[in-house]
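Numbers restart at 1 for each chain; the letters A, B, ... are given by sequence-line order, proteins then strands.
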Amino acid sequence: MPELPKAYEPSQHEDEIALKERESGLYTPENLPGNRTEVFSMVLPPPNATGTLHMGHAVMLAIQDIMVRFARMRGKKTLWLPGTDHAAIATQVKVETLLMKEEGKTRHDLGREAFLQKVDAFVEKSRATIQHQVRSMGCSIDWTREAFTLDEPRNLAVRTMFKKMYDDGLMYRGYRVINWDPVGQTVISNDELVPKERTGTLYTFKYSKDFPITIATTRPETKVGDTAVAVHPGDERYKAFIGKTVSVVFAGASLDIQVIADEEVDPAFGTGALGVTPAHSVIDEAMAKRHDLKMIQVIDEKARMTEAAGSTVAGLPVLEAREKIVTWLRSEGLLEKEEETTQIVSTAERTGAVIEPLPKLQWFVDVEKAFAFKQSAHMPVAGLQDGQMVTIQSLLQHAVRSKAVTIIPERFEKSYFHWVDNYRPWCVSRQLWYGHRIPAWYKGEEVYVGVDAPEGSGWEQDTDVLDTWFSAGMWTYSTMGWPKEDAPDLREYHPTTMLETGYDILPIWVVRMIFMSLYTLGEIPFSYVYLHGLVRDDQGRKMSKALENIIDPLTMKQKYGADATRLSLVVGSTPGNDVKLSEEKIAGYRNFVNKLWNIARFVFLSVEEVRKVETTPTPITEADTWILNRLNQTITSVTSMIDEPAFLFSQAAEVLRDFTWGDFADWYVEVAKGQLQDEVLKQSTEETLLYVLQNVLKMWHPYMPFVTTRLWEEFGSDKMLLIEDWPEVVDVREEGSFEAFKEIITVIRGTRATYKIDPVKKVGVMIIGESVDVLRPLETAIRQLGRVESVTFAKTMERPEGSVFLHAGEYAVYIPLAGVIDLVAERARLSGELKNVQDYVVVLEKKLANTGFIDKAPVEAVEKERGKLAEAAAKGEVLTQQIAALG
RNA sequence: GGGCGUAUAGCUCAGUUGGUUAGAGCGCCACAUUGACAUUGUGGAGGUCUCCGGUUCGAGUCCGGGUACGCCCACCA
């Protein structure tokens, strides 16, 4: 076997390891060895099929791969299912931009079919890129199940779903005010809006001279569509007019203005009266609905005034119409006031156009319509009865309130409820070409909704497509064979265990997945939602091309390795909080990867034969016992931290790093160098080194699959590390006293004498120095550590039983360690026992009674503790005799 | 305007249900280093835990309020 080089070079191993793992077929759960009954399943939030992977994806992939590899090693039937999202609007806009740049054409020049072919070609290329990138990060994901939100099986699922919702009355076609993008010529969902602040003018005026109420608006041009004036029911100023209808001619439009009373009106704002424009304001529309008002559309899809707007402004763009109306108001003497205000206008995320609220015939999902809940036979939801009347909204509330779905971190439950409690109808139709075409056909006034086109001629399919989140919302089960109710994957892997995603899409995506699964299958889509944060630069700014602060995961992988890149994204970050990333941070983890490499290298070079050690070695020395105990402690805490319901990936890695670097490398390996020289200790030391290393590699594997797998190869095992069993705590031994050795050695190091440890005899430590002058200060230092009974010097010592480190001609010191050992053990034991006042007093008492400890602690600290006790005693909270015992 | 979050060492952040003298990594300083690892080791300096009040024997942790910053939602017309 060729010797390992001094430094780990990721690029020389990563591709090969990734390939080997993938070709092993073990990413597919059915191929995993053993009889696995417990299932862990998770779908990959599908990246948009438009571009390349960024650090945000890398975080997601790293965390998810940790979960998956851990579950697999823990013996679970583990599925991680990949795919990509067609991202309807994002993709279409991107291809349109390219088309314009490269060929100078619009999509209309090509026509629907030809354009869609172009999009497909683009998406195909993009998907291949993403696939390659996901692989290169070391993701152990089941490619045999790869899905795409717009492929044939998903399209069937979408059509089926749409029809089901239509049949249940949850999907309806309605004439409602929506956000219209006059540039993109499409409806925009709330999620695609970008609010922008700008200054506008608030005009205060009357519709006509004899109209009794003055109103205010920033959009006078919409006032030609008004059908009412709303006032607060308690507003004394207007009480007399409520219920009256006044006919006016306003800028050439004949209006019948009804005065209505509505709680929503703020009497303190403006004039306390609101002109109601039902067709061009979502709020006014709701008000109009409550009061059964007429809706007059005065603005069209091109943001021009319609015929209904009256002769003065018909046909004008809205801004020109506004000026014209203001001029008219002035000339008529109706304008009372003009004031500058800052207002928030919604703009379209993709096109930047100012959104025009318009009434349009659209498809909506009704979130408040009651329907009979159909409970899953396979995985029923606790707290719900089969046939119980529910709404989408009530299901969403139930899922999280009942803890059927747990959101991590918990605080995001607040934003979840904030969202679902105010859930509004979801407009799902989009005037795009790219996406799932709405499975509705029209013939005159007739509407047909079905999975397939209706029989007969004359039917025309709806030209719109569905919001991309509609198909994304079905992702957990559309990928598992639904609508086939008995599809094997659906039965085996749904509900999934976990959904891991960014907190920014909790409302857009997670909420929809939850209700769609509950509605369709009668089961939750996942038990846990783990939300990671956004990746920002080292100054906390979003990464963007403009700022030139993008850190590309693939460049980092090439430079520092995939393992270091993964660690840098996981360690030091907590769920729901943003991650600040810098190249130095990644370089730091590269150092750690290399440290692990060298620890292994040392072990492999030191032992006679590199072999797997299956059973826990029998410890001989204090150091052996200590490191095995520390290993057991580490296994226990790392396991419980990674496992549900904790999911503390960062903390687990820190515990593991401290053990690997601080305990194993810095202490045990150092001691082992001595032990390996001793014939009696050689074998057990080798076994311990190998055993600890093996377990360390296993525990690091979910975090750093590449370097651990490469090192594991040195053991010559047929079994890949990927499917090795996760370490288990075998037995917990008697506490060792190695901590005491460490304390002493630390003091000795401070004096710059050379030292060696007697690893066998518990009686002491030998200090070997060149002269007694060097050793004298040591004696003092060591005595301060505890109740040291005696310190002995000798120029030449007779070799103590079991000792190996005496050198003739040198001086040595022996120190009985009993006192120090007791002290350390006591301190460790006590630290976890503080529960109430009494315990505290008992601890204090022991602490104070322990002279060694008192010697160590500063006088003030001891006095402080005594003071606290006295104070407590004064309040009668503690036993006076305990105080007395302290003197 | 409503909601949520964050504030701990020079920097990036941990700190589970309140509990011994508040931690880590990086950076800095000193020393060591032909040694598995100059991608190393040891030690050190550095914190009124944002501020004010409260509960408690005890608060970084719980409660109330203030300040600063960030995010989400919202067409006060």
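- Contacts between residues 649-660 of chain A and RNA chain B, defined by a heavy-atom separation under 4.0 Å, are made by A:Q651, A:R657.
- Nucleotides of RNA chain B nearest to A:A7 and A:P507 differ in position, and the one nearer the 5' end is that of A:A7.
- Across every strand in view, B:rG64 sits in a pair with B:rC52 that passes the Watson-Crick or G-U test at under 3.5 angstrom.
- The side chain of A:W661 places no N or O atom within less than 4.0 Å of a non-bridging phosphate oxygen (OP1 or OP2) of B:rG25.
- The side chain of A:I599 has B:rA36 as its nearest neighbour among B:rA36, B:rC75, B:rA77.
- Following rounding to the nearest Å, A:Y8 (OH) and B:rA38 (C1') show an atom-to-atom distance of 21 Å.
- When the C1' atom is compared between B:rG58 and B:rG19, the two are found 7 Å apart, to the nearest whole Å.
- Centroid-to-centroid, the aromatic rings of A:F412 and A:Y503 come within less than 6.0 Å.
- In this structure, A:F664 atom CZ and B:rA36 atom C1' are separated by 11 Å, rounded to whole Å.
- If you take atom P in B:rA59 and the same atom in B:rG53, they sit 14 Å apart, rounded to whole Å.
- One N or O on the side chain of A:Q393 and one on the backbone of A:D421 form a donor-acceptor pair closer than 3.5 Å.
- Listed candidates were B:rU6, B:rA36, B:rA74. Nearest to the side chain of A:R411 is B:rU6.
- If you measure from atom CG of A:N594 to atom P of B:rG41, you get 11 Å, rounded to the nearest angstrom.
- The closest side-chain donor-acceptor pair between A:H291 and A:D262 falls under 3.5 angstrom.
- Across all strands shown, the partner of B:rG5 is B:rC69, judged by Watson-Crick or G-U wobble contacts whose two distances both fall under 3.5 Å.
- A:K595 contributes a side-chain N or O that forms a donor-acceptor pair with the base of B:rC37 under 3.5 Å.
- With A:H280 contributing its side chain and A:V298 its backbone, the two residues share a donor-acceptor pair below 3.5 Å.
- Along RNA chain B, the nucleotide nearest A:G275 and the nucleotide nearest A:R601 are compared for position; the residue whose nucleotide lies closer to the 5' end is A:R601.
- With B:rU6, B:rA36, B:rC73 as the candidates, the nucleotide lying closest to the side chain of A:F602 is B:rA36.
- For the pair A:N598 (side chain) and A:K6 (backbone), a donor-acceptor distance under 3.5 Å is present.
- Picking from B:rG41, B:rA36, B:rA77 the nucleotide with the shortest atom distance to the side chain of A:V669 gives B:rA36.
- Pairing for B:rU17 is absent, judged as Watson-Crick or G-U wobble with the two contacts each under 3.5 Å.
- Nucleotides B:rU55 and B:rG44 place their P atoms 40 Å apart, quoted to the nearest Å.
- Checking B:rA77, B:rC73, B:rC37 against every side-chain atom of A:N598, the shortest atom distance belongs to B:rC37.
- Nearest nucleotide to the A:R536 side chain, out of B:rG3, B:rA36, B:rC71: B:rC71.
- Between A:L506 atom CG and B:rC73 atom C1' there is a gap of 13 Å when expressed in whole angstrom units.
- No engagement by A:W597 is indicated, since no non-hydrogen atom pair under 4.0 Å with the nucleic acid exists.
- For the pair A:N591 CG and B:rG25 P, the computed distance is 13 Å after rounding to whole Å.
- Taking atom P on both B:rG54 and B:rU61, the two are 14 Å apart, rounded to the nearest angstrom.
- Side-chain proximity of A:D266 to B:rU39, B:rC75, B:rA77: nearest is B:rA77.
- Ring pair A:Y207/A:F250 is perpendicular by interplanar angle, where above 60° counts as perpendicular and below 30° as parallel.
- Between A:K6 and B:rC37 there is a side-chain polar atom (N or O) within less than 4.0 angstrom of OP1 or OP2.
- A:T217 comes within 4.0 angstrom of the backbone, heavy atoms only, and of no base.
- Taking every heavy atom of residues 570-585 of chain A and every atom of RNA chain B, pairs under 4.0 Å involve A:G572, A:T574, A:N577, A:K580, by number.
- When A:V276, A:L293, A:I257, A:L274 are each tested for a side-chain contact (heavy atoms from CB on, under 4.5 Å) with A:D226, only one passes: A:I257.
- Comparing the C1' positions of B:rG1 and B:rA74 gives a spacing of 8 Å, expressed to the nearest Å.
- One interatomic measurement links the two molecules: OH of A:Y416 to P of B:rC72, which rounds to 20 Å at whole-angstrom precision.
- Note on A:V282: a base of the nucleic acid sits closer than 4.0 angstrom, heavy atoms only.
- Between A:I586 atom CD1 and B:rG25 atom C1' there is a gap of 15 Å when expressed in whole angstrom units.
- Checking side-chain atoms of A:R566 against main-chain N and O of A:Y703 turns up a donor-acceptor pair under 3.5 Å.
- B:rG43 is paired with B:rC29 under the criterion used here, namely a Watson-Crick or G-U wobble arrangement in which both key atom distances are under 3.5 Å.
- Taking the P atoms as reference points, B:rU39 lies 39 Å from B:rU20, given to the whole Å.
- Rounded to whole Å, the distance from NZ on A:K206 to P on B:rA77 is 22 Å.
- Counting only distance, with no hydrogens or angles, the side chain of A:S281 and the backbone of A:T277 share no donor-acceptor pair below 3.5 Å.
- One C1' atom belongs to B:rU40, the other to B:rU34, and the distance between them is 13 Å to the nearest Å.
- The side chain of A:H418 sits closest to B:rC73 out of B:rC4, B:rC73, B:rC75.
- Classified by interplanar angle (parallel below 30°, tilted 30° to 60°, perpendicular above 60°), the ring pair A:Y8/A:H13 is parallel.
- Between the side chains of A:E654 and A:Q651, no donor N or O sits under 3.5 Å from an acceptor N or O.
- Shown here, B:rC76 forms no base pair; nothing in the strands shown gives a Watson-Crick or G-U wobble contact with both key distances under 3.5 Å.
- By the salt bridge (Lys or Arg N to Asp or Glu O under 4.0 Å) test, A:R237 pairs with A:D235, sequence neighbours left out.
- Across B:rG27 and B:rG46, the matching C1' atoms stand 12 Å from one another, rounded to whole Å.
- Contact annotation for A:A665: base contact, defined as any heavy-atom pair under 4.0 Å involving a base atom.
- Less than 6.0 angstrom separates the ring centroid of A:W700 from the ring centroid of A:F592.
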